[in-house]
Amino acid sequence: MALIEYDPPTEPCIEVVVEDEDILVVNKPSGLLSVPGRESQYYDSMWSRVIDKYPQAQAVHRLDMSTSGLMLFAKHKEAERHLKKQFQYRLTHKLYYARVWGQVDPAEGEVD
């Protein structure tokens with residue numbers, strides 16, 4: 001298997017959007033893995049950066065490496081259990097936006 005070149009953005013290291021005693025929501029930039037890959041060169045990830053400051057934090061879901069957006073982390077095991085069940089039973093609502101350049105025709109539509 002060929003290794004992909006991985007050069008993740010370094011700034012900001014962690015951009016916290018929401019934090020309380022149970023959860024941490026961070027803005028993951030495009031180009032950064034959500035969780036570490038199998039090979040050591042893919043260790044740098046949103047999760048590995050978060051655990052430096054929040055050692056008990058666990059990723060509740062993932063975003064693709066090229067996708068930027070909000071990631072939710074549980075700050076302790078009980079919160080992780082509850083949040084993962086919500087994702088498992090599809091109780092969460094996910095919303096995706098795409099940036100498009102140029103003229104889009106039609107102006108509205110759905111990608112399925």
Side-chain angles (χ1 to χ4, degrees):
M1 182 172 99
L3 299 177
I4 61 168
E5 185 176 325
Y6 184 51
D7 186 25
T10 56
E11 294 296 327
C13 184
I14 301 174
E15 181 185 343
V16 176
V17 178
V18 174
E19 178 181 1
D20 67 18
E21 62 275 356
D22 300 312
I23 66 168
L24 180 69
V25 178
V26 299
N27 190 15
K28 185 193 90 61
S30 175
L32 179 65
L33 290 167
S34 291
V35 296
R38 291 185 179 159
E39 304 292 329
S40 60
Q41 64 266 32
Y42 306 125
Y43 179 74
D44 187 15
S45 64
M46 199 71 257
W47 178 79
S48 62
R49 293 178 183 189
V50 165
I51 64 165
D52 280 343
K53 186 172 181 183
Y54 306 90
Q56 302 301 314
Q58 291 297 316
V60 175
H61 66 101
R62 300 177 185 193
L63 294 174
D64 290 341
M65 181 175 71
S66 60
T67 301
S68 63
L70 300 178
M71 274 191 72
L72 175 63
F73 290 86
K75 291 176 71 177
H76 53 80
K77 274 295 192 195
E78 186 177 353
E80 178 188 17
R81 188 176 78 251
H82 287 289
L83 292 166
K84 284 188 174 179
K85 278 187 179 182
Q86 291 176 39
F87 275 85
Q88 177 185 356
Y89 293 114
R90 302 194 187 285
L91 300 173
T92 56
H93 176 74
K94 301 175 189 176
L95 184 63
Y96 295 89
Y97 290 98
R99 289 187 180 171
V100 181
W101 287 264
Q103 183 64 32
V104 179
D105 191 32
E108 293 183 18
E110 182 177 315
V111 177
D112 186 11

Student: Return the set of residues passing side-chain contact (heavy atoms from CB on, under 4.5 Å) with Ile51 (not counting sequence neighbours), or none when no residue passes.
Tutor: Tyr43, Trp47
Student: Same hydrophobic cluster for Tyr96 and Leu32, using side-chain heavy-atom links shorter than 4.5 Å among ILVMFWY?
Tutor: no
Student: Throw together a table of side-chain donor-acceptor distances under 3.5 angstrom for residues 79-86, partners on residues two or more places apart or in other chains.
Tutor:
{"from": "Glu80", "atom 1": "OE1", "to": "Lys77", "atom 2": "NZ", "distance (Å)": "3.0"}
{"from": "Glu80", "atom 1": "OE2", "to": "Lys84", "atom 2": "NZ", "distance (Å)": "2.9"}

Student: Atom CG of residue position Asp7 - does it have more than 12 heavy atoms of other residues, nucleotides or ligands inside 6.0 Å?
Tutor: no
Student: For the residue pair Pro9 and Ser30, what are the closest heavy atoms and their distance?
Tutor: CG-O, 3.5 Å
Student: Not counting sequence neighbours, which residues clear side-chain hydrogen bond (donor to acceptor under 3.5 Å, both in side chains) with Ser45? List them please.
Tutor: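 Testing Ser45 for side-chain hydrogen bond (donor to acceptor under 3.5 Å, both in side chains), a comparison that skips the adjacent residues, returns Ser48.
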Student: Are Val26 and Val17 connected in the hydrophobic side-chain network, where two residues link if heavy atoms are under 4.5 Å apart?
Tutor: no
Student: Tell me the ring-ring contact (aromatic ring centres under 6.0 Å, His included) pairs involving residues 7-30, sequence neighbours left out?
Tutor: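 Listed once each, the pairs would be none.
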Student: Keeping the roles fixed (side chain from Tyr6, backbone from Leu33), state whether a donor-acceptor pair exists under 3.5 Å.
Tutor: yes
Student: Consider only side-chain heavy atoms of I, L, V, M, F, W and Y, link residues closer than 4.5 Å, and tell whether Val50 and Val16 are in one cluster.
Tutor: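 Looking at the clustering, Val16 is in the same group as Val50.
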Student: Of all residues at least two apart in sequence or in a different chain, which pass the side-chain contact (heavy atoms from CB on, under 4.5 Å) check with Asp20?
Tutor: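 Listed in chain order: Asp22, Ile23.
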Student: For Pro12, what residues pass the side-chain contact (heavy atoms from CB on, under 4.5 Å) criterion, not counting sequence neighbours?
Tutor: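 For Pro12 the side-chain contact (heavy atoms from CB on, under 4.5 Å) partners, ignoring immediate neighbours, are Glu15.
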Student: Return all side-chain donor-acceptor pairs below 3.5 angstrom for residues 53-73, not counting sequence neighbours, or 'none' if the list is empty.
Tutor:
{"from": "Tyr54", "atom 1": "OH", "to": "Glu19", "atom 2": "OE1", "distance (Å)": "3.0"}
{"from": "Tyr54", "atom 1": "OH", "to": "Glu19", "atom 2": "OE2", "distance (Å)": "3.4"}
{"from": "His61", "atom 1": "NE2", "to": "Leu72", "atom 2": "N", "distance (Å)": "3.0"}

Student: Who clusters with Leu91? Use side-chain heavy atoms, under 4.5 angstrom, across I, L, V, M, F, W and Y, and order the result by chain and number.
Tutor: Tyr89
